[in-house]
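Everything numeric here is computed off the predicted structure, so don't read it as measured data. These values consider heavy atoms only, across backbone and side chains, with no hydrogens, waters or symmetry-generated copies.
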Amino acid sequence: MSSIQLAAVLGAVALLASVVSVELGVTVALVELTLGVVAGNVFDLQTQNWLDFIARFASIVLTFLAGMEVDPDYMRDRAKATVAIGVVSFAGPFMAATAVTYLAVGWSGKASLIAGTALSTTSLAVVYAVLVERGLTRTNVGKVLMSATFVTDLCTALALSAIFIKPNVWFPVFLAVSLALIVALPRIARPFFARYGDRVIEPEIKLVFVVLLLLMVLADASNGHAVLPAFVLGLVMSRHYAEHREEQQRLRVVAFAFLTPFFFIKGGLNVSLHAVVANLWLLGALLLTKMIPKVAFVYPLARRALPAHATFTTLLMSTGLTFGTISALYGLTSGIIDETQFSLIITVVVLSAILPTAVAERWFLPPRHEEPAPVPAEEFV
């Protein structure tokens, strides 16, 4: 299939996903993931280089947008709660999946660590998409979720880098440029947006995209990840966008209309049902090693931080996609895991994006635009 034909097919899939999402009242990301699985396995659609690039860029843009939604003052005020939830959300599945795949399944030590890293994540992209669609980004539960998800993914990225990735001579350059952009962009934004903003050619969106693409280039050169600098960049820009909601809305429109459908559909294309069917028992075991520790470790802390929405918080903290896919793909390309192991891990990652989100939205969805609750003075002390 040519690139144009694939683009047309995926565009039609994205449109169908939007219609189904509206009619059924479920998050469009779940529909896109599901249709991606169907397209890849029933119609044998295969990814192409241009789709890989757009999907990667979409994950970085979504991460930037997610950081933009975080209230820095709120994150600081509830640091104990969000850090505690985020750390246990990583540590529980990481230890469980590593131990099960190594001791019970017989995978190699490195393959087990890849499984533990991939299944420890919480999907910033899925959490953000749900919160935006449901109007929860400015609520108490939305702010805690965004902050805790960032902590979990920070732990995952540090684990992947510390265990496997060997930074090269470009890594100091990547760190230096990331820090420079984090410091400089908020200072540049005000005069740049004042001079060139509010135009149909959207220079302000192009500026953000150029900065994110620069991070991606340097991350690739240094064997690093652009996701975390992108989140922090969004975080330091959050006050600017809080004062310029129209700019934020236009950036959202570009992301959700064009970029994110390719990201979620491509995630579904990675699933091989043939490999999964041949190893159903192992698939179930891997899914449980992710879900049970997430629930067991996150729920008690969520009950203390968000008593009315502890189950919703726990379920969304159990999702996975972006970093899970990155970790599994690194294992495959490095020869640490084989194609069957990759398919199993990716399928669990995708299922963890679909199943907890569907349950959370169907039975535990908080009311829209709920006012933030006061922060308990003795929380997590």
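- Of the residues V19, I354, V22, V20, the one that meets the side-chain contact (heavy atoms from CB on, under 4.5 Å) test with V31 is V20.
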(Q) If you apply the rule side chain to side chain contact (heavy atoms under 4.5 Å, CB included), what do you find for M237 with H240, and how did you get there? (A) CA-CA 5 Å; M237 289 291 291; H240 171 83; 4.0 Å; yes
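- Taking the six-membered ring for Trp and thresholds of 30 and 60 degrees, F262 and F258 have ring planes more than 60 degrees apart, a perpendicular arrangement.
- Residues T156 and S120 share a closest heavy-atom pair of OG1-OG, 3.2 Å.
- For the atom pair CG of L136 and CG of L131, the computed distance is 5.5 Å after rounding to the nearest 0.5 Å.
- No side-chain heavy atom of K143 sits less than 4.5 Å from a side-chain heavy atom of M146.
- Note: L35 CG to F264 CZ = 13.0 Å, rounded to the nearest 0.5 Å.
- Checked by atom type and distance alone, the side chain of S123 never pairs as donor or acceptor with a backbone atom of G320 at under 3.5 Å.
- With contacts defined as side-chain heavy-atom distances shorter than 4.5 Å, the pair Q48/L6 qualifies.
- Between the side chain of S327 and the backbone N or O of G324, no donor-acceptor pair lies under 3.5 Å.
- Not a single donor-acceptor pair under 3.5 Å links the side chain of R303 to the backbone N or O of V298.
- Taking 4.5 Å as the limit, every side-chain heavy atom of L175 sits out of range of all side-chain heavy atoms of W170.
- The shortest distance between side-chain heavy atoms of S272 and F342 does not fall below 4.5 Å.
- Between the K266 side chain and the A55 main chain, no donor and acceptor come within less than 3.5 Å of each other.
- In this structure, CG on L154 lies 12.0 Å from OG1 on T149, to the nearest 0.5 angstrom.
- Open room surrounds CD1 on I4; 12 or fewer heavy atoms of other groups in view lie less than 6.0 Å from it.
- Remark: the backbone N or O of A255 is paired with a side-chain donor or acceptor of T260 at under 3.5 angstrom.
- Looking only at distances, a side-chain donor or acceptor of N279 sits under 3.5 Å from a matching main-chain atom of A275.
- To the nearest 0.5 Å, atom CZ of residue F150 and atom CG of residue L124 are 9.0 Å apart.
- Of the N and O atoms on the side chains of T82 and S147, not one donor lies less than 3.5 Å from an acceptor on the other residue.
- When atom types are taken as modelled, the side chain of S2 and the backbone of Q5 share a donor-acceptor pair closer than 3.5 angstrom.
- Two residues are said to be in side-chain contact when any heavy atoms from C-beta on lie closer than 4.5 Å; V349 and T121 fail this criterion.
- Ion pairing between R56 and D220 holds under the 4.0 Å rule for side-chain N and carboxylate O.
- The two atoms that bring C155 and V87 nearest to each other are SG-CG2, 4.3 Å, heavy atoms only.
- Put simply, the side chain of L215 does not reach to within 4.5 Å of the side chain of I60, judged on heavy atoms.
- The minimum heavy-atom distance linking T98 with L113 is given by the pair CG2-CD2, 3.8 Å.
- For R187, the CZ atom counts as loosely surrounded, since its 6.0 Å shell holds 12 or fewer non-hydrogen atoms of other residues, nucleotides or ligands.
- Between the side chain of T101 and the main chain of A97, a donor-acceptor pair closer than 3.5 Å is present.
- Between P186 and L181, the shortest heavy-atom distance links the atoms CD-O, 4.1 Å.
- L10 has its side chain within reach of L45: a pair of non-hydrogen atoms, C-beta onward, lies under 4.5 Å apart.
- A side-chain donor-acceptor contact under 3.5 Å links T152 to the backbone of A148.
- Checked against the 6.0 Å centroid criterion, the rings of F57 and F209 qualify as a close aromatic pair.
- Going from atom OG1 of T357 over to atom CG of L355 covers 8.5 Å, rounded to the nearest 0.5 Å.
- Comment: R190 engages E243 in a salt bridge, judged by a side-chain N to carboxylate O separation of less than 4.0 angstrom.
- Summarising the geometry, atom CG belonging to L283 is positioned 6.0 Å from atom CG belonging to L351; distances are rounded to the nearest 0.5 Å.
- A donor-acceptor pair shorter than 3.5 Å can be found between the side chains of T122 and K294.
- The main-chain N or O of Q341 is found under 3.5 Å from a side-chain atom of D338 such that the two form a donor-acceptor pair.
- For the residue pair A159 and F90, the shortest heavy atom distance occurs at CB-CZ, 3.8 Å.
- Using a 4.5 Å heavy-atom threshold, the side chains of F256 and P261 count as separate.
- W107 and V105 get closest at one heavy-atom pair: NE1-CG1, 3.3 Å.
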- Message: What verdict does the side chain to side chain contact (heavy atoms under 4.5 Å, CB included) test give for L269 and Q46, after you've listed the backbone C-alpha separation in whole Å, the side-chain angles of each residue and the deciding distance to 0.1 Å?
- Response: CA-CA 7 Å; L269 290 178; Q46 302 294 322; over 6 Å; no
